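Remember, it's 1-based here, ligands and their atoms both numbered in the order they're listed. The model shown is predicted, which means the values in this text are computed figures rather than measured ones. Scope of the values below: all heavy atoms of this structure, side chains included, with no hydrogens, waters or symmetry mates.
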Amino acid sequence: MNEEGLRVAGMTGMDVLSVSQYEPAMLREVFEVAQRMRSIVKERGGADILRGRVLAALFYEPSTRTSASFIAAMQRLGGSVIPITQGVQFSSVSKGESLPDTIRTLEQYADVIVLRHPEVGSAREAAAAASVPVINAGDGSGEHPTQALLDLFTIHDELGRLDGLHVAMVGDLRFGRTVHSLTRLLAQFDVKLTFVSPEILRLPLDLMNEARDAGLAVRETYNVADVIGDVDVLYVTRVQKERFTDLAQYEELKSFYVITPELMKEARDEMIVMHPLPRVGEISPDVDSDPRAAYFRQVQNGMFVRMALLASVLPPHGGRSDEA
Ligand code: NCD
């Protein structure tokens, strides 16, 4: 398969650490390539453009979608994967190896490293140690840039535009890294944002200020019923249990919001409900059959966007990225 149109020029060797790296022009190109990846997957399952390339997937935190979609993306492009996902406890990490040493080891085998880690800033630390591209698959409550890219792709794909939309983010806006990355990314567009959370899970002030400084209309409320009738996108999130030191507090908050078919009656016909998943009760399964429930389509888009990113950061012909 010819590689024409299956990579974004100028991204070779780039780390993917934060959504701040992406401006609208580059986003458009990533999304165009993701669309082509979708067509190729539908027509013939994949393309062989990453044959001989190896991805190391290093996950220090649980993951289903992010790890599986990176693995699927790599395999559908003809590459292969070293998965260190289920059992970091079975690797040398459990012997006390430092993150830079683990990274310097994996880059001896792999051409790209995908990292999920519980500490904010870990992806940046790994990238500083690595000579191959590092992709941040979630650094604690910091960022989750590839999720935000697939979220934005989904919004555009479902609704046909970004400018002029009203997006409400619901749930754990304090610890939810997908919300942090998506807020930063949406701040580049002309959107209205409403943040819906209990007081204790409000969006961090620096992010709120970033959105305001970018000129966005921003509002906060704790009541989802206040906004559901006015939104184009309802982005629902799980309360991030693993970030709580006080589990009693988590128990109090975990079911603060539940999206039900009754609540959906108040929403517009032309709107979508999104969720990065996993859900643990925030959206009733009875909502799944509603055509506005976009969360499983969102999952599939993740693979197309990650195919586009992998094809773009890995060098096109021969050689490792440090020789490109
Ligand atoms: C999210 C994450 O890990 O931040 N999951 C995902 O990657 N799709 C959301 C979450 O765990 O709540």
Side-chain angles (χ1 to χ4, degrees), residues 16-19 34 55 57-74 83-86 88 114-123 134-155 167 169-186 195-198 201 203-204 207 233-244 247 250-251 253-259 272-283 288 293-307 309-310:
V16 180
L17 302 178
S18 162
V19 289
L55 175 151
L58 179 60
F59 280 68
Y60 292 77
E61 281 189 343
S63 169
T64 302
R65 276 147 293 270
T66 306
S67 59
S69 68
F70 267 111
I71 292 170
M74 196 64 187
I84 310 180
T85 52
Q86 298 307 323
V88 177
V114 175
L115 173 72
R116 170 169 289 185
H117 192 281
E119 275 162 43
V120 176
S122 51
V134 169
I135 301 181
N136 181 4
D139 62 324
S141 59
E143 277 221 36
H144 192 347
T146 66
Q147 177 72 41
L149 291 173
L150 78 88
D151 291 341
L152 197 70
F153 176 84
T154 300
I155 296 173
V167 179
M169 310 226 199
V170 182
D172 187 347
L173 312 185
R174 177 179 176 191
F175 297 120
R177 55 195 172 199
T178 72
V179 167
H180 300 168
S181 286
L182 187 57
T183 300
R184 265 201 188 114
L185 207 50
L186 284 170
F195 297 107
V196 187
S197 73
L201 297 179
L203 190 78
L207 272 160
V233 178
L234 192 71
Y235 188 93
V236 186
T237 63
R238 164 181 78 89
V239 178
Q240 306 279 296
K241 182 179 184 183
E242 62 275 39
R243 313 282 174 231
F244 281 75
L247 277 185
Y250 165 75
E251 290 297 329
L253 293 166
K254 70 173 187 196
S255 304
F256 205 88
Y257 300 110
V258 181
I259 310 302
I272 52 170
V273 181
M274 297 174 67
H275 193 307
L277 302 177
R279 65 175 154 186
V280 286
E282 314 78 43
I283 303 178
D288 296 1
Y295 29 91
F296 290 109
R297 299 192 290 274
Q298 184 184 351
V299 168
Q300 196 183 42
N301 289 337
M303 183 175 74
F304 306 136
V305 169
R306 288 172 176 132
M307 287 171 80
L309 289 172
L310 290 172

Would you call T66 and F59 a side-chain contact if the rule is heavy atoms closer than 4.5 Å?
-> yes

V114 and L58, any side-chain heavy atoms less than 4.5 Å apart =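 When only atoms from C-beta onward are counted, V114 and L58 do not touch, as no gap falls below 4.5 Å.
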
Is there at least one pair of N or O atoms, one from H144 and one from ligand 1, spaced under 3.5 Å apart?
-> yes

Rounded to the nearest 0.5 Å, the CZ atom of F244 sits from the CG atom of L201 at a distance of 4.5 Å

Can you see which heavy atom on L182 is nearest to which on L152, and at what distance?
->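 So the minimum-distance heavy-atom pair works out to CD1-N, 4.3 Å.
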
Nearest neighbour in protein (non-hydrogen) for atom 3 (O) of ligand 1 = R177 NH2, 2.9 Å

Atom 11 (O) of ligand 1 - nearest protein heavy atom and its distance =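 Ranking protein heavy atoms by distance from atom 11 (O) of ligand 1, first comes R238 NH2, 2.8 Å.
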
Does L277 reach ligand 1, in the sense of a heavy atom lying below 4.0 Å from it?
-> yes

Is Q240 near ligand 1, meaning one of its heavy atoms is under 4.0 Å from it?
->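 Flag set, Q240 near ligand 1.
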
Salt bridge flag under 4.0 Å for residues R116 and E143 = no

N-O pairing of K254 and D172 below 4.0 Å = no

At under 4.0 Å between heavy atoms, what of E61 touches ligand 1? The answer is neither

Per atom 8 (N) of ligand 1, closest listed option by heavy atom (S141, G138, P276, G176) | P276

Identify, by atom number and element, the atoms of ligand 1 in contact range of T66, meaning under 4.0 Å from any of its heavy atoms.
->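 Near T66, the atoms of ligand 1 are 6 (C), 7 (O).
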
